[in-house]
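What follows is a single structure, written as structure tokens, with notes after it.
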Protein chains: 2
Amino acid sequence: MKRRTGAATIAEVAAAAGVSPATVSRVMNDRFLGDASIAERVRSVAIDLAYSPSHLARSLALGQTSAIAFVVPDLANPAFQAMLSSLSKAAAKDGYRVLVADSAESPSDEPLLVSEIRRRCDAVVLCAPRMSDAELVSLAGSLRPLVLINRANDQIDAPSLSIDYRSGIQDLAQHLADLGHRHLVFIEGPEGSASNRHRVDGLDDFQRRSPGVRIDRIPGGATSEDGLAVAARVRDSGATAALAFNDLVAIGLLNGLINLGVRVPEDMSVTGFDDIPFARYTTPPLTTLSVPHEELGAQAWHRMRALVSGEKPEPNVVFHPRLEVRGSTGPAPR
Amino acid sequence: MKRRTGAATIAEVAAAAGVSPATVSRVMNDRFLGDASIAERVRSVAIDLAYSPSHLARSLALGQTSAIAFVVPDLANPAFQAMLSSLSKAAAKDGYRVLVADSAESPSDEPLLVSEIRRRCDAVVLCAPRMSDAELVSLAGSLRPLVLINRANDQIDAPSLSIDYRSGIQDLAQHLADLGHRHLVFIEGPEGSASNRHRVDGLDDFQRRSPGVRIDRIPGGATSEDGLAVAARVRDSGATAALAFNDLVAIGLLNGLINLGVRVPEDMSVTGFDDIPFARYTTPPLTTLSVPHEELGAQAWHRMRALVSGEKPEPNVVFHPRLEVRGSTGPAPR
DNA sequence: CTGTTAGCGCTTTCAA
DNA sequence: TTGAAAGCGCTAACAG
């Protein structure tokens, strides 16, 4: 099987420098303890031959790739992008690279996608709101080292980072109730989404202990388009305030409402969730819950680093999003 | 060197199934032409042993990883995120994964970063506005297969996708001139950025053939913070319209101006560049140049696919951004 | 200090 | 049709 890749191999460098491959390997990895002149010679031969070590072969020999996967439901969502950006930056500091995958690519086969990408690297940071608990549990074993985002689960032995959607959405509802709103409508996220379920649970709770408040739900999604699409239904719902699944939806909704001549917040209040970088720049600026995505990405790497180096990862954390009151919410119209 | 990874190997599966590794390999890759019953047996043994082929070993034997790198100056910029999202989606359809790197991680050593990540995969899609032409030329050879974004260059034999910043910024300037603005100020991008240079050249050109128009320049950057930071200088510049390096800067500037009590567009017009998804949602909505980032990502993959399969890639393309007039520009105040 | 050698786990030619 | 064996390029025991 001759395959001239064009790149020089360690054996060629060794031959040209009159030493053994082991010596070249040592020199290239700064583990060489012999005479400086020979190290110098090896280095210069390597340069002459434009030798560049095969990361692949090295990985195989070492049994590790120094790469991890980051799997999210939607790479186009700024919330996940922020996590990716900080995760990648943190991992890079330790010589790790990140491989990305958008599970929307294969909505049907998330487990397959994750397993496939896992085989290419050393570990995975998984953000899979739509995967069922059962699937997740059965998959977890083969995925380790694994860090979970937003899917804390007793049955899975993997560090997890999560966001308290439940209490977060209640803060939002409370804020609206305080403003006098008595009829709210929640635009739901993707069907089957765990994080959507937490929001719904939180809202149910809230409604239970707030007798005067009614909370309707209408199906939505996770994108601006979804928000835009439900604008008319939201206007016609009779509610005076709308809680969107996330900021993207809220922004689309805001736009749709304005197009329909609904004034925000005079006629209707609107809230988001995430506090993506642009939430503060909308018209009006969006009242939302601030989730520290950069922090999540960085923390995910800390856990992961501990895992891959055989240490004990720091404890799991649950982030409590912070209510960020801006201009899109106001007193209920009478 | 015993290293029990825990995962079954092809040899173990072969032994358990009473066949040779070669047979297992053939079965796993659907290249097996023998008796169906033995294929069945191999498959079931593989499942029992939870065998999952080592992508690493396979890559080494095959001489390819089915992964490409995507290197950008700033992973936190929505423009690059849009490209990443579509690139990743397109590549995934052909069984390729993408490895990301943010060159802001190592501002000093972009060439090193790129070389390092290139060694981990089969090819690289490079977006390196700040690298010098000389560096790029000397690097290109060792990077191939290579697709360049925004760095068309005669001396480099690599497909390139670019954006006509030069004429784009002129469209913007013309739009402002048509509105009666005679004194513009351009907030420059990062120092040494090629795409910034193109904008500056375009503006110089424009000024040359528009005698009545004066265009100042002030140093800026590429982020919202940079835009925010120059707000006061922009207000005091005496100009009636500001062209920001990109949308991020424009959004920060918009915010800063408003904080300073400057009305946009009544007192001053502001423009961006990129048309990121949120440009339409700012207050006022941002007049900008629309760059088809998703298209760029998808096209980059098309070129790359051709390259890695030894075909001739489609011709280079230069995208002409489309002027998107929205609310942040208006008639010059008198 | 340096080289020999045996892997890492898979693919593929070649021969049976 | 199937298997033996030789790589892919690198690392790390173990000798010397």
Side-chain angles (χ1 to χ4, degrees), chain A residues 1-43 45-46 49-67 116 118-122, chain B residues 1-43 45-46 49-67 116 118-122:
Chain A
M1 181 173 38
K2 284 275 80 91
R3 189 176 20 250
R4 287 289 19 164
T5 61
T9 71
I10 199 172
E12 291 167 357
V13 174
V19 297
S20 76
T23 296
V24 177
S25 172
R26 290 178 183 121
V27 171
M28 299 306 289
N29 295 296
D30 290 322
R31 271 189 241 306
F32 183 74
L33 302 173
D35 195 280
S37 73
I38 141 158
E40 209 29 71
R41 177 153 42 95
V42 168
R43 264 188 261 275
V45 169
L49 266 42
Y51 168 67
S52 107
S54 157
H55 189 87
L56 213 50
R58 184 161 203 280
S59 295
L60 184 60
L62 252 31
Q64 68 151 58
T65 64
S66 299
E116 188 275 333
R118 170 63 182 85
R119 272 189 270 113
R120 294 168 171 262
C121 56
D122 299 342
Chain B
M1 182 173 38
K2 286 274 82 87
R3 191 177 17 251
R4 286 291 17 167
T5 61
T9 72
I10 198 172
E12 291 166 357
V13 174
V19 298
S20 76
T23 296
V24 177
S25 172
R26 290 179 182 119
V27 171
M28 300 305 289
N29 295 296
D30 290 322
R31 272 190 241 306
F32 183 75
L33 301 173
D35 195 279
S37 73
I38 140 159
E40 210 29 71
R41 178 154 41 95
V42 168
R43 264 188 263 273
V45 169
L49 266 44
Y51 169 66
S52 106
S54 155
H55 189 86
L56 213 49
R58 184 159 203 279
S59 294
L60 184 60
L62 254 30
Q64 68 152 57
T65 63
S66 298
E116 188 275 334
R118 169 64 182 84
R119 273 190 269 114
R120 294 169 171 261
C121 57
D122 298 342

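Throughout, a chain's letter reflects where its sequence line sits, starting with A, and its residues are numbered from 1.
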Original post:
Hey, which of Val19(A), Thr9(A), Val45(A) is the one that makes side chain to side chain contact (heavy atoms under 4.5 Å, CB included) with Val24(A)?
Top reply: Val19(A)
Original post:
Asn29(A) side chain to Arg31(A) main-chain N or O, any donor-acceptor pair under 3.5 Å?
Top reply: no
Original post:
So which nucleotide from dT2(C), dG9(D), dA4(D) ends up closest to the side chain of Ser54(A)?
Top reply: dG9(D)
Subject >> For atom NE2 of His55(A) and atom P of dT11(D), their distance in whole Å >> reply: 11 Å
Subject >> Gly34(B) vs Ser52(A), nearer the 5' end of DNA chain D by closest nucleotide >> reply: Gly34(B)
**OP:** Consider the side chain of Ala22(B), meaning its heavy atoms from C-beta on, and name the nucleotide among dT11(C), dT12(C), dG9(D) that approaches it most closely.
**Re:** dT12(C)
Original post:
Whole-Å distance between dG3(C) C1' and Ile10(A) CD1?
Top reply: 13 Å
Subject >> Minimum-distance pair of heavy atoms, taken over all atoms of Met28(B) and Ala46(B) >> reply: SD-CB, 4.4 Å
Original post:
Choosing from dC10(C), dT11(C), dG9(D), which nucleotide comes nearest the side chain of Leu60(B)?
Top reply: dG9(D)
Subject >> Leu62(B), nearest nucleotide to its side chain (from dG3(D), dA12(D), dT12(C)) >> reply: dT12(C)
**OP:** Heavy atoms only: give me the nearest Thr65(B)-Ser59(B) pair and the separation to one decimal.
**Re:** CA-OG, 3.6 Å
Subject >> Whole angstrom value for the distance that separates C1' of dG9(C) from CD of Gln64(A) >> reply: 17 Å
Subject >> Spacing between Asp30(B) atom CG and dT11(C) atom P, to the nearest angstrom >> reply: 12 Å
Original post:
So does Thr9(A) get a side-chain nitrogen or oxygen closer than 4.0 Å to the phosphate oxygens (OP1/OP2) of dG9(D)?
Top reply: no
Original post:
Just how far, in rounded Å, is C1' of dT2(C) from CG of Leu33(A)?
Top reply: 11 Å
**OP:** Give the rounded distance in Å between these two atoms: CZ of Arg31(A) and P of dT11(D).
**Re:** 8 Å
Original post:
From dG7(D), dA4(D), dG3(C), pick the nucleotide closest to the side chain of Ala61(B)?
Top reply: dG7(D)
Original post:
Within the pair Thr23(B) and dT2(D), is there a side-chain N or O less than 4.0 Å away from OP1 or OP2?
Top reply: no
Subject >> Contact summary for Cys121(B) and Ala67(B), nearest pair of heavy atoms >> reply: CB-O, 3.1 Å
**OP:** Report which part of the nucleic acid Val19(B) touches: base, sugar-phosphate, or nothing (heavy-atom distance under 4.0 Å, all strands).
**Re:** sugar-phosphate
Original post:
In terms of side-chain heavy atoms of Tyr51(A), which of dT4(C), dC10(D), dT12(C) is nearest?
Top reply: dC10(D)
Subject >> Spacing between Leu56(B) atom CG and dC10(C) atom P, to the nearest angstrom >> reply: 10 Å
Original post:
How long is the line joining CG of Asp122(A) and P of dC8(C), in whole Å?
Top reply: 18 Å
